[in-house]
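The structure appears below as structure tokens.
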Amino acid sequence: MTKPPKNLKFEQALEKLQALVGKLEDGELSLDDSLKVFEEGIDLAKLCEKKLEEAEGKVEMLLKAEENSGEPHDI
Amino acid sequence: MQAVLPIETRKIFSISELTSDLKNLIEGAFPEVWLCGEVSNLKRAASGHLYFTLKDAGAQITAVFFKGYNRSLKFDLKDGLEVVVHGKISLYESRGQHQILIDYLEPKGVGSLQLAFEQLKAKLQAEGLFEVVHKKPLPFLPLKVGLITSPKGAVIHDMMNILHRRFPNVDILVHPVRVQGEGAAEEIAQAIGEMGRRMDVDVIIVGRGGGSLEDLWSFNEEVVVRAIFNCPITIVSAVGHETDFTLADLVADVRAPTPSAAAELVMPEKQDLLHTVQDLRQGLQFALKTFLEAKRAEVASLKRHIRHPRAILEGLAQTIDDLQTRLCRAQKQILEMGRLKIEGMARHFEALSPLKPLERGYAYVQKEGFTILSVNEAATGDILSLRLSDGTLKVKVL
């Protein structure tokens with residue numbers, strides 16, 4: 001199992017994490033798989049925590065006269 | 001008496017003169033009047049002027065509603081509509097027809113705004129704009145929230161406070177607009193269009209505080225409704241109070257009863273989410289710990305049932321020794337038994353030996369090499385051998 005992709009959405013990461021905890025709690029996996037699932041779960045938990053900190057708390061007020069920066073003007 | 005007057009004494013009017021007098025008379029009598037009647041024969045000229053007939057059961061009057069006055073009409077005028085109008089009566093000389101020049105018109109019974117609302121709602125509903133299938137779900141975690149509302153007043157501050165309280169580091173983008181008055185609807189529609197094109201905004205809230213039907217009217221305008229419908233980002237309407245329903249509310253992906261409620265709806269609590277993640281982390285650790293302990297217990301249990309190979313060998317060695325000993329003993333026993341048997345047989349044999357009686361004094365008699373058992377087998381003068389225990393005697397029978 002590889003590291004979770006960075007563009008995974010918070011909701012999906014959380015769902016996957018819940019599924020992994022369930023799998024581990026069932027106790028039906030081999031020792032190898034159990035350790036892999038644990039590792040993947042920890043990575044997902046870290047990703048979730050990171051995502052929650054992604055927003056910077058900026059408040060931006062668009063001024064009427066300006067177009068949004070980078071937006072192409074319609075001709 | 002002749003009724004006909006002499007030509008010189010008649011006052012003969014031209015049509016124009018009569019009409020002109022009538023015009024003055026009529027227009028003087030009704031410089032302004034309120035009328036009520038039913039619209040029929042409605043025609044809209046290319047110029048934008050409206051021409052129709054106002055009638056009741058007994059009579060009718062031509063009505064003219066110039067563009068300058070009818071432009072502000074919020075609803076569509078239709079044949080059959082009962083209306084109340086204000087205007088002045090005039091005489092259209094070239095046609096000899098009286099008419100009412102309308103400067104104000106409202107529907108009878110229901111307010112014009114209300115009628116406009118109902119007409120537009122029916123039209124857009126028929127197009128399917130309000131159908132649930134078009135509604136998009138709220139994003140689970142919006143990291144950037146777009147607000148389209150008035151930059152003045154309590155509403156925007158309330159929304160921002162609630163958003164920040166629930167998620168302190170959320171990004172907020174505000175596109176300020178006028179929320180009532182002439183042109184406000186166009187501003188709101190444009191703001192929605194612009195914000196909808198941004199890739200970084202996760203959800204949009206458009207709304208305003210409470211007010212009268214007139215105040216909220218911008219959110220019933222077709223241009224705003226279509227802008228909301230076409231917006232690719234999930235958009236929440238938050239107009240007025242709980243009981244206010246505008247067309248914007250019907251077309252939006254989600255309707256919030258108030259702007260504050262909208263902020264609560266779109267924003268999950270950061271602490272809740274953090275706790276959920278932390279609980280899951282602990283769940284992982286606990287599950288792994290339990291799993292490993294169970295496995296260790298299994299191993300320990302198996303260990304108890306396994307014996308060390310040396311112990312096995314020693315056990316086997318002992319068994320072999322044991323068996324060897326038993327084998328030896330058994331062999332000895334067999335030999336001993338055999339020996340005893342043979343000894344017994346030997347003694348027995350010995351006892352049966354013909355030489356044994358000789359030791360007791362017996363002799364056996366032989367004649368010419370053969371043993372004789374009876375006296376009759378020997379005659380006088382025979383030479384006999386007497387075998388005794390220690391030798392042989394030759395004897396003659398007398």
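Proteins come first, then strands; the chains are lettered A, B, ... in the order of their sequence lines, and each starts at number 1.
Note that CD of B:Q278 is 11.5 Å distant from SG of A:C48, once rounded to the nearest 0.5 Å. Distance check, rounded to the nearest 0.5 Å: CG of A:L24 to NZ of B:K289 gives 13.5 Å. Separating the CD1 atom in B:I172 from the CE atom in A:M61 is a distance of 10.0 Å, to the nearest 0.5 Å. We find the CG-CZ distance between A:L17 and B:R281 to be 9.0 Å, quoted to the nearest 0.5 Å. Here the straight-line distance linking atom CG of B:L280 with atom CG of A:L20 works out to 10.0 Å at 0.5 Å rounding.
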Hey, mind stepping through A:E54 and B:K144 against side chain to side chain contact (heavy atoms under 4.5 Å, CB included) and telling me if it holds?
CA-CA 10 Å; A:E54 248 172 41; B:K144 190 158 192 169; over 6 Å; no

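Annotation: A:K9, atom NZ; neighbour count of heavy atoms from other residues, nucleotides and ligands within 6.0 Å does not exceed 12. No more than 12 heavy atoms of other residues, nucleotides or ligands sit less than 6.0 Å from atom NZ of A:K16. Shown here is A:K50, whose NZ atom has no more than 12 heavy atoms of other residues, nucleotides or ligands within 6.0 Å. Surrounding CZ of B:F140 are more than 12 heavy atoms belonging to other residues, nucleotides or ligands, all under 6.0 Å away. For A:E39, the CD atom sits in a loose shell: 12 or fewer heavy atoms of surrounding residues, nucleotides or ligands are nearer than 6.0 Å.
The two atoms that bring B:H164 and A:G57 nearest to each other are NE2-O, 4.3 Å, heavy atoms only. When all heavy atoms of B:G283 and A:V21 are compared, the pair lying nearest together is C-CG1, 4.2 Å.
Proximity of B:L143 to A:F10: side-chain heavy atoms (C-beta onward) are nowhere separated by under 4.5 Å.
Contact count against chain B (heavy-atom pairs under 4.5 Å) is highest for A:E11 among A:E53, A:Q18, A:K46, A:E11. With chain A as the partner, the residue from B:L284, B:L274, B:T276 showing the most heavy-atom pairs under 4.5 Å is B:L284.
Only the side chain of B:F167 comes within contact range of chain A, judged by heavy atoms closer than 4.5 Å. B:L292 touches chain A through its side chain: at least one heavy atom from C-beta onward sits under 4.5 Å away, while N, CA, C and O do not. Only the side chain of B:L141 comes within less than 4.5 Å of a heavy atom of chain A; its backbone N, CA, C and O stay farther away. If you measure heavy-atom distances from A:L29 to chain B, the contacts under 4.5 Å come from the backbone alone.
In this structure, the side chain of B:N169 does not engage the main chain of A:E56 through any donor-acceptor pair within 3.5 Å.
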